[in-house]
Amino acid sequence: MPDPKALPPAAPAKLSVWADQSGTPYLVQQQPDGSTTFTPLETALAKAQPPTTTERVTTYREPLHTLLLALIAVLGLVLGGYCLGFLAGAAGQRVVLVPRSPLCDTHRSSFLFWSSETKECN
């Protein structure tokens, strides 16, 4: 059984770079039919890389845009709350205030043999 950690045998290189006696580099390509083509490296690199356009990407937002975006968000939340309340009212949901018993405070005071008691209700 072959060792699972062993690397597969290396495939023959299809591309390589060679230089001639004058030092000019060439890209050497081996074709599927067995033939070999020599292309000057500068020409091969010019064909391989399309011209790139530089595009500036910034995450900076202008303060006015940020302020307007925040204002629209707050306005949307307020109007959404009103709309939700309107729809709940249209569906028959009513708010009923139930009166509760008044809160009363009792004050007691005494002085020697005399005492009094007062009640305040709200």
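Just the heavy atoms: all of them, side chains too, but no hydrogens, waters or symmetry mates, feed the values below.
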**Q** Does Thr39 offer a backbone N or O that forms a donor-acceptor pair with the side chain of Thr43 under 3.5 Å?
**A**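 Such a contact is absent between Thr43 side chain and Thr39 backbone.
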
**Q** Can you tell me how far the CD1 atom of Ile72 sits from the CG atom of Leu67, to the nearest 0.5 Å?
**A**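 With rounding to 0.5 Å, CD1 (Ile72) is 10.0 Å from CG (Leu67).
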
**Q** Within the structure provided, determine whether Thr106 and Thr118 are in side-chain contact (heavy-atom separation under 4.5 Å).
**A**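 Side chain of Thr106 against side chain of Thr118, heavy atoms only: no contact under 4.5 Å found.
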
**Q** For the OG1 atom of Thr37 and the CG atom of Leu27, what is their distance to the nearest 0.5 Å?
**A**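 These two atoms lie 7.0 Å from each other.
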
**Q** In terms of ring plane angle, is the pair Phe38 and Tyr26 parallel, tilted or perpendicular, where the classes change at 30° and 60°?
**A**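 Because their plane-to-plane angle is over 60°, the rings of Phe38 and Tyr26 count as perpendicular.
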
**Q** Could you measure the distance from the CD atom of Glu62 to the CG atom of Leu69? Nearest 0.5 Å is fine.
**A**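 Reported value, rounded in 0.5 Å steps: 13.0 Å.
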
**Q** Answer yes or no: is there a side-chain heavy-atom contact under 4.5 Å between Val28 and Val17?
**A**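 Val28 vs Val17: side chains apart.
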
**Q** Between Asp105 and His107, is there a side-chain heavy-atom distance shorter than 4.5 Å?
**A**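 A side-chain contact exists here, since the closest heavy-atom pair is under 4.5 Å.
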
